[in-house]
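Remarks on the structure that follows.
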Amino acid sequence: MINNKEIDKQYVANTYARFDIEIVDGKGSRVVDSNGKEYIDLATGIAVNTFGIADKEWTDAVTAQLGKFQHVSNLYYSEPCAKLAELLCEKTGAKKVFFGNSGAEANECAIKVARKWAQDTKGEGDYTIITLRNSFHGRTITTLKATGQDVFHKDFGPFPEGFAYAEANNTESVKEIVKSTKCCAIMMEMVQGEGGVLPLDKSFVLDCVEIARENDLLIIADEVQTGNGRTGTLYAYEQFGFVPDIVSTAKGLGGGLPIGATLLFDKVECTLNAGSHGSTFGGNPIACAGAISIISRLDEKTLNGVKERSEYIFNALNGAQGIKSVTGLGLMIGIETERDSGEVLKACFEKGILPIKAKTKIRLLPALNIPMDELKRAIEILKECAK
Ligand SMILES: *Cc1c(COP(=O)(O)O)cnc(C)c1O
């Protein structure tokens with residue numbers, strides 16, 4: 001018998017410590033493994049399948065575009081790319097959008113825009129971007145350097161210069177860097193996802209906005225994980241009471257297809273010009289058609305549904321036996337358990353739910369429309385597993 005696990009182990013690069021589960025099918029918030037066992041999905045492919053697996057609107061949008069053309073290159077105009085950019089700008093107030101294929105690429109674009117903006121407006125040398133300790137911004141050499149966690153830097157140097165790390169929620173540490181270094185931007189996740197699902201303090205974020213205003217710096221919001229309805233608003237920055245200059249996003253944007261977007265607001269609207277950046281697959285019609293079907297559904301009703309589900313989870317888990325803390329925003333939730341989270345996760349898999357980890361926490365990233373009865377059952381199971 002063909003065993004895909006063995007083939008994978010032999011031929012796929014060893015970059016992932018996969019769980020011993022092979023997914024063969026799914027629908028909505030349910031997935032089925034190769035033994036025919038059903039699970040409730042609480043991770044959505046790491047915040048990617050925004051409305052679950054194979055939801056009808058998304059599938060219809062993608063297959064309709066597949067029936068027309070799959071790709072045309074950026075040498076020509078095409079409707080899905082234009083319409084998605086228009087939709088994102090109308091919903092956020094951004095002026096222009098650059099499309100790439102992943103979160104790391106969206107951040108690479110954000111970093112290039114910040115650097116060029118500084119060149120154009122401030123002159124040579126003001127290239128340093130302040131990022132936060134415990135952040136995560138991607139796996140390319142430059143976005144690894146932007147990532148404020150030393151463990152990720154091991155073995156891959158030398159890195160490009162021009163990043164300085166401040167302590168999250170410590171305004172003084174940002175001020176110190178601004179005082180001693182010529183900077184162009186402050187880059188942050190409103191909720192540090194890979195860092196353990198830790199929302200930044202609102203006051204710290206607003207301090208950074210003020211420091212940026214006083215010192216002529218850009219604010220880059222990395223909304224790769226927090227974006228696209230995940231936290232209960234279209235983008236998480238809305239809940240912090242400011243508008244960034246650049247927003248990078250990916251993960252849930254395409255609803256399951258690879259796409260990244262860098263939203264450019266007023267100050268940097270004209271920073272990129274013909275030839276200054278590009279991507280062969282960027283703005284791919286199928287990915288954009290999928291993304292339009294996602295973004296156009298993130299209306300008040302859907303976002304209220306996210307908040308409702310979020311409240312349910314927080315209320316059910318706060319103070320439950322074996323649970324030390326619950327952090328996060330909307331449907332991006334981190335749970336600190338008394339028992340080792342690896343063991344809790346194993347028990348979850350056995351009992352038929354699929355959360356993931358964030359550092360030593362259990363992380364929940366369910367579909368934004370997970371049916372309430374499935375969510376309730378999943379949370380009951382999680383509570384049992386954490387006991
Ligand atoms: C996942 C993630 C990235 C990287 O996205 P990829 O699509 O894996 O390149 C960057 N920033 C944040 C905040 C993320 O969560």
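No experiment lies behind these values; they were computed from the predicted model shown. When a ligand or atom number is given, it counts from 1 through the structure's own listing order.
With hydrogens left out, the protein atom closest to atom 5 (O) of ligand 1 is Gly103 CA, 3.3 Å, a heavy atom. Among protein heavy atoms, atom 1 (C) of ligand 1 sits closest to Lys251 NZ, 1.5 Å.
Considering Val197, Leu198, Asn134 in turn, Asn134 is the only one that fulfils the side chain to side chain contact (heavy atoms under 4.5 Å, CB included) rule with Lys359. Partner Asn107 forms a side-chain hydrogen bond (donor to acceptor under 3.5 Å, both in side chains) with one of Thr142, Asp222, Thr131 and no other, that one being Asp222.
Considering backbone and side-chain atoms together, Phe136 places an N or O closer than 3.5 Å to an N or O of ligand 1. For a threshold of 3.5 Å applied to N or O pairs, the pair formed by Ala104 and ligand 1 contains at least one separation below that value.
The main-chain N or O of Ser203 is never found under 3.5 Å from a side-chain atom of Asp201 such that the two would form a donor-acceptor pair. With hydrogens and angles ignored, the 3.5 Å screen pairs no side-chain donor or acceptor of Asn228 with any backbone N or O of Leu234.
Within ligand 1, the atoms closer than 4.0 Å to a non-hydrogen atom of Gln225 are 15 (O), numbered from 1 in the order shown. Taking every heavy atom of Ser102 and a limit of under 4.0 angstrom, the matching atoms of ligand 1 come to 7 (O), 9 (O). Contact atoms of ligand 1 toward Glu189: 13 (C) (distance under 4.0 Å to a heavy atom of the residue). For ligand 1, the atoms sitting less than 4.0 Å from at least one non-hydrogen atom of Asn107 are 10 (C), 11 (N), numbered in the order shown with element in parentheses.
For Glu161, the CD atom counts as loosely surrounded, since its 6.0 Å shell holds 12 or fewer non-hydrogen atoms of other residues, nucleotides or ligands.
For atom 8 (O) of ligand 1, the nearest protein heavy atom lies 4.0 Å away or farther.
Between atom NZ of residue Lys376 and atom CZ of residue Arg309 there is a gap of 10.5 Å, rounded to the nearest 0.5 Å.
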Notebook entry, point to check: Is there a ring-ring contact (aromatic ring centres under 6.0 Å, His included) between Phe152 and Phe136 once you walk through the steps?
Noted result: CA-CA 9 Å; Phe152 286 105; Phe136 182 81; 5.4 Å; yes
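Considering each of Ile46, Asp222, Val48, the one bringing a non-hydrogen atom nearest atom 13 (C) of ligand 1 is Asp222.
Contacts between His137 and ligand 1 below 4.0 angstrom, taking non-hydrogen atoms only, involve the backbone exclusively.
Phe51 has its side chain within reach of Thr302: a pair of non-hydrogen atoms, C-beta onward, lies under 4.5 Å apart.
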